[in-house]
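Each ligand, and each atom within it, is numbered from 1 in the order the structure gives.
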Amino acid sequence: MNSNNKVACPLDCYDACQAEKLQDGTIKGSKEHKTTDGKLCVKFANLLKEEKLEKSYFQNEEISLETGLSILVDKLKNTTPSKTLFYKGSGNLGVMQSAPKKFFSLYGSSLTRGSLCDGGGGVGIEQGRQNVVNPPLEKLINADVIVVWGRNFSVTSPHLYNLVKDKTFVTIDPICTPIAKKSKIHMQINPKTDYELALLFTRFVNMQDLEDKDFIEEYGNNADWFFDITRNRPVVSYEATTGVPLSQVNDFIDLIENKSVAFVIGLGVQKYFEGASIMRCIDSFAAYIGVHKKDAGGVWYLSNSSYGYEKQFEVKGTNKKVSIPKIDFNSYELVFIQGANPVISHPNTKKVIEGLKNPFVVYFGTTYNDTCEYADLIIPSSSFLSKKDVRLSYGHELKAISEVVEEKNPQTISEYELTNYLLEKFSFEKLKDEDEIISYYINHKPKVEEFETFEFLDELDIEPLYKEKTSENFYLITAKNKNSLNSQFANDDFVYLHSSSNFKEEDEVLISSKYGSAKFIVKIDDNIKDNCAFFYAGNKNVNYLTPNDEDESSFSAMYQEVLVEIELS
Ligand SMILES: Nc1nc2c(c(=O)[nH]1)N[C@H]1C(S)=C(S)[C@@H](COP(=O)(O)OP(=O)(O)OC[C@H]3O[C@@H](n4cnc5c(=O)[nH]c(N)nc54)[C@H](O)[C@@H]3O)O[C@H]1N2
Ligand SMILES: Nc1nc2c(c(=O)[nH]1)N[C@H]1C(S)=C(S)[C@@H](COP(=O)(O)OP(=O)(O)OC[C@H]3O[C@@H](n4cnc5c(=O)[nH]c(N)nc54)[C@H](O)[C@@H]3O)O[C@H]1N2
Ligand code: SF4
Ligand SMILES: [Mo]
């Protein structure tokens with residue numbers, strides 16, 4: 001085997017695969033990496049095929065990298081730092097992507113807080129048990145039953161799924177996803193009612209005396225209060241609001257009795273204003289039946305992949321931090337966007353586009369994406385094949401390593417190099433040696449401390465969307481597409497509706513919410529629940545409909561806190 005042949009898939013994905021470049025130039029999944037198991041996926045193939053940004057541009061004119069960088073330095077020197085914004089997306093999840101934030105922190109830019117992704121759910125878990133760290137993979141592999149809750153499991157983490165594909169599954173999702181089709185029970189729940197279902201489960205478990213009394217006694221705090229919340233309503237009333245028949249709940253409780261249960265929870269449950277509370281309610285149910293601290297089972301979400309690592313690019317600055325979903329791009333003089341495509345992925349597209357028209361927009365990325373159309377200066381980032389990196393995973397505990405396997409295009413620059421270039425121009429101390437940073441991430445073994453107390457949810461105040469729902473409007477649902485990665489490689493701009501809606505295939509419709517409107521072509525699909533309008537993440541128009549506002553507790557986006565109306569256009 002030749003040296004320098006390792007490639008980590010940089011895409012924002014639970015699996016974080018390890019690949020190798022072979023002597024014949026092809027790239028193959030590693031057999032030694034347990035989750036990758038010799039296979040890569042269609043998104044990786046799409047990544048290899050995509051057209052890369054090869055040149056810098058200033059006001060649509062091609063320029064050299066050198067000129068681009070000096071324009072950037074000039075602009076930064078002539079702008080008040082607090083009037084600049086550093087905005088980083090998740091186009092590449094390697095640890096080295098965090099380097100530029102160090103420069104922008106020292107320089108004095110405004111930074112973002114919160115997330116467009118998993119923020120609400122993460123805070124919900126932290127409120128109950130301090131940190132969001134997934135149990136070891138072995139406990140998933142050894143579980144008897146896997147409950148897939150608001151997660152498109154076999155699509156968004158195909159390799160994790162592959163390790164457990166012969167298990168008994170239960171899926172809780174308004175959409176009949178591929179994993180729902182393979183599940184013993186599919187509860188086709190109404191959106192934003194997962195906390196009610198969790199309360200209902202808890203009530204049933206208690207009625208049948210199945211709670212884990214030893215766990216609750218040793219580690220639980222306020223379990224009685226949590227149970228009290230479940231008694232606020234008659235059991236039968238949950239059937240209408242959640243859309244889940246009580247007979248299914250019975251079947252579910254029978255199925256998990258005396259079994260080790262793994263909960264694999266995704267973004268779906270928490271894309272709402274009270275996303276943290278919803279997650280905490282589900283997590284409290286899981287604790288009530290005692291899934292923690294056992295040999296098998298547990299709760300898996302988007303793990304904090306850098307937990308237990310010292311931040312290598314941390315600066316304790318006094319930078320202003322703005323809530324990411326609420327950003328008003330228009331209030332800055334300069335906006336630096338790295339590895340993101342806010343024109344598609346950020347909530348409320350109309351506001352994003354209007355906001356990007358005035359400031360001087362710098363785009364630093366690997367492809368010419370939709371956001372580049374609003375950029376004054378475009379600087380191409382080097383391909384993942386030409387930069388060193390380490391991938392930590394939010395799905396499992398394995399790491400993947402990237403070495404330089406392809407000569408760098410000299411007109412591109414890596415995140416590490418750009419950071420050092422800027423640090424030098426502004427006379428700040430340069431970064432540590434690249435290899436030193438990389439070896440820290442490769443060699444450090446984070447120590448995960450298990451919680452000593454589980455704080456059960458003791459208070460619940462959630463405003464359900466069904467209150468505002470009429471027979472005329474729809475819940476808005478987005479989920480990831482098998483072939484694309486958020487807006488990368490995405491080309492499906494349809495709205496998917498159930499055949500019982502008043503629309504038919506290929507209808508052109510205008511969809512509106514209180515935040516905006518856009519036109520879509522209809523696809524009829526009976527996997528979609530009849531009260532939902534479904535779109536794939538990366539749809540060019542869906543975020544015209546979504547709120548540019550933050551959730552209750554984590555400064556994060558809440559893409560589904562909205563109802564939409566549909567009319568023929
Ligand atoms: N192929 C592919 N894989 C990806 C990505 C991609 O774009 N493409 N993106 C990556 C990223 S950035 C992330 S964050 C992860 C996310 O991966 P997932 O957590 O799987 O997120 P989503 O695809 O958004 O799926 C959420 C699921 O929740 C369901 N859902 C929606 N609303 C509700 C609700 O109110 N209650 C319940 N119970 N379910 C609901 C949806 O129908 C959907 O099936 O995937 C990563 N993996
Ligand atoms: N309605 C709705 N909207 C959503 C979601 C949803 O479910 N529904 N999902 C949300 C989620 S979970 C997420 S994570 C966000 C994702 O939103 P973003 O973080 O904005 O991700 P992308 O839209 O995929 O854009 C990533 C860009 O990164 C660039 N890039 C790729 N590799 C590199 C690199 O090595 N270096 C640099 N500098 N750039 C690179 C590519 O050019 C690409 O265009 O979207 C969110 N938006
Ligand atoms: S499954 Fe995910 S990590 Fe693995 S190759 Fe595909 S996109 Fe990359
Ligand atoms: Mo995400």
J.: With under 30° as parallel and over 60° as perpendicular, where do the rings of Tyr57 and Tyr368 fit, or are they tilted in between?
T.: perpendicular
J.: Only one of Phe336, Phe329, Tyr332, Phe364 clears ring pair (Phe, Tyr, Trp, His ring centres under 6.0 Å) with Tyr87; which?
T.: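 Passing option: Phe329.
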J.: Would you call Asp37 and Lys39 a salt bridge, taking side-chain N to carboxylate O under 4.0 Å as the test?
T.: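 The answer is yes: the pair qualifies as a salt bridge.
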J.: Taking atom types as modelled, is there a side-chain donor on Ser70 or Thr67 under 3.5 Å from an acceptor on the other?
T.: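 No, because no side-chain N or O of Ser70 sits under 3.5 Å from a partner of the opposite role on Thr67.
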J.: Ignoring hydrogens and geometry beyond distance, is a side-chain donor-acceptor pair present between Asn548 and Lys326 at under 3.5 Å?
T.: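 Asn548 vs Lys326: no donor-acceptor pair found between side chains.
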J.: Determine yes or no for a side-chain-to-main-chain donor-acceptor pair under 3.5 angstrom, with Ser513 supplying the side chain and Tyr515 the backbone.
T.: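 At least one qualifying donor-acceptor pair exists.
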J.: Quick one: look at Ser157 and ligand 3, take heavy-atom pairs under 4.0 Å, and tell me if it's side chain, backbone, both or neither.
T.: neither
J.: Give every protein N, O or S atom lying under 2.8 Å from atom 6 (Fe) of ligand 3, naming each by residue and atom.
T.: Cys41 SG
J.: Does a side-chain N-to-carboxylate-O contact under 4.0 Å join Glu20 and Lys31?
T.: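 Answer for the salt bridge query: no.
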J.: Select all protein residues for which some heavy-atom-to-ligand 2 distance is less than 4.0 Å, and list them by chain and number.
T.: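 Its neighbours under 4.0 Å (heavy atoms only) are Asp12, Gly89, Ser90, Gly91, Asn92, Gln97, Leu116, Cys117, Leu267, Lys271, Gln338, Gly339, Ala340, Asn341, Ser345, Tyr363, Phe364, Gly365, Thr366, Thr367, Asn369, Ser381, Lys387, Glu415, Thr478, Lys480, Leu485, Asn486, Ser487, Gln488, Ala537, Val542, Asn543, Tyr559, given by chain and number.
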J.: Answer with yes or no after comparing the ring centroid distance for Phe520 and Phe535 against a 6.0 Å cut-off, counting only values under it.
T.: yes
J.: So, Tyr496 versus Asp525: side-chain donor-acceptor pair below 3.5 Å or not?
T.: no
J.: Using a strict 4.0 Å threshold on nitrogen-to-oxygen distance, state whether Glu415 and Lys387 make a salt bridge.
T.: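 Judged by the 4.0 Å cut-off on N to carboxylate O distance, Glu415 and Lys387 do form a salt bridge.
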